[in-house]
Amino acid sequence: MALDLDMLLEGSPAYGVLDAKDGVVLYRRPGQEEMFEQVVAEVIKQADERLTVIPLANDRNECDRLFIAPLEEERSFDP
C-alpha cells in the first residue's frame with residue numbers, strides 16, 4: 001500500500017502537523033506515544049524514493065517528531 005501523504009497531513013489524535021521550510025513535521029501529542037510510534041513506523045515502511053523521512057528524538061531518546069520532505073520540490077539547502 002502506498003503512503004497517502006494528503007491524508008497524513010490532516011493530522012490525527014496521535015499527532016499534529018507543522019509546516020517546515022522544506023517539508024512538514026509531525027509532532028507527537030501528549031499521551032499518544034504508542035500510537036505515534038505506530039504512525040512513524042508505518043510512514044518509514046511505506047516511504048518511497050519521492051520522500052525524505054527523518055525521525056527526530058527528544059533528550060530522552062524518544063521519537064517525538066517526524067520530518068517529511070517531498071523530493072520533487074526544490075530544496076533551500078544543499079545536501
Side-chain angles (χ1 to χ4, degrees):
M1 173 161 61
L3 180 65
D4 186 347
L5 190 57
D6 290 331
M7 191 167 142
L8 190 66
L9 297 179
E10 291 178 11
S12 83
Y15 66 88
V17 180
L18 295 173
D19 188 24
K21 185 170 181 116
D22 293 312
V24 296
V25 174
L26 307 185
Y27 65 91
R28 183 182 70 202
R29 295 191 190 275
Q32 298 296 322
E33 292 82 2
E34 288 183 36
M35 180 71 78
F36 186 70
E37 288 175 12
Q38 292 173 1
V39 169
V40 169
E42 193 63 27
V43 170
I44 290 171
K45 178 182 171 186
Q46 292 185 19
D48 58 27
E49 67 278 351
R50 297 173 296 150
L51 294 175
T52 296
V53 178
I54 304 170
L56 303 168
N58 60 22
D59 58 349
R60 292 182 303 272
N61 205 28
E62 302 168 328
C63 179
D64 65 348
R65 293 158 291 144
L66 183 66
F67 177 73
I68 303 171
L71 293 178
E72 58 258 10
E73 293 181 15
E74 184 178 325
R75 293 184 178 189
S76 64
F77 63 91
D78 292 327

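Excluded from the calculations below are hydrogen atoms, water molecules and symmetry mates; all remaining heavy atoms, backbone and side chain alike, are included.
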inquiry  = The test is side chain to side chain contact (heavy atoms under 4.5 Å, CB included); show your working for Leu26 and Phe36 and say whether it passes.
reply    = CA-CA 9 Å; Leu26 307 185; Phe36 186 70; 4.2 Å; yes

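- Residues satisfying the side chain to side chain contact (heavy atoms under 4.5 Å, CB included) test with Ala20, not counting sequence neighbours, are Val25, Phe67.
- Remark: Asp19 pairs with no residue by the side chain to side chain donor-acceptor pair (under 3.5 Å) rule, at least two apart or across chains.
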| said: Could you walk me through whether Val24 and Leu18 satisfy the side chain to side chain contact (heavy atoms under 4.5 Å, CB included) test, starting with their C-alpha distance in whole Å, then the side-chain angles of each, then the deciding distance to 0.1 Å, before giving a yes or no? | reply: CA-CA 6 Å; Val24 296; Leu18 295 173; over 6 Å; no

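- Within the 4.5 Å cutoff, the side chain of Glu42 has heavy atoms near those of the Gln46 side chain.
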Which side-chain N or O atoms in residues 28-35 pair as donor and acceptor under 3.5 Å with protein atoms at least two apart or in another chain?
unit_1 : atom_1 : unit_2 : atom_2 : d
Arg29  : NE     : Ser12  : O      : 3.0
Arg29  : NE     : Tyr15  : O      : 3.3
Arg29  : NH2    : Tyr15  : O      : 3.4

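- Side-chain atoms of Pro55 and Ile44, non-hydrogen and from C-beta on, do get closer than 4.5 Å to each other.
- Under the side chain to side chain contact (heavy atoms under 4.5 Å, CB included) criterion, Leu5 pairs with Leu8, Leu9, Leu51, Ile68, sequence neighbours left out.
- Pairs of residues two or more places apart, or lying in two chains, that qualify as side-chain hydrogen bond (donor to acceptor under 3.5 Å, both in side chains) and include a residue from residues 53-67 are Asn58-Glu62, Arg60-Glu62.
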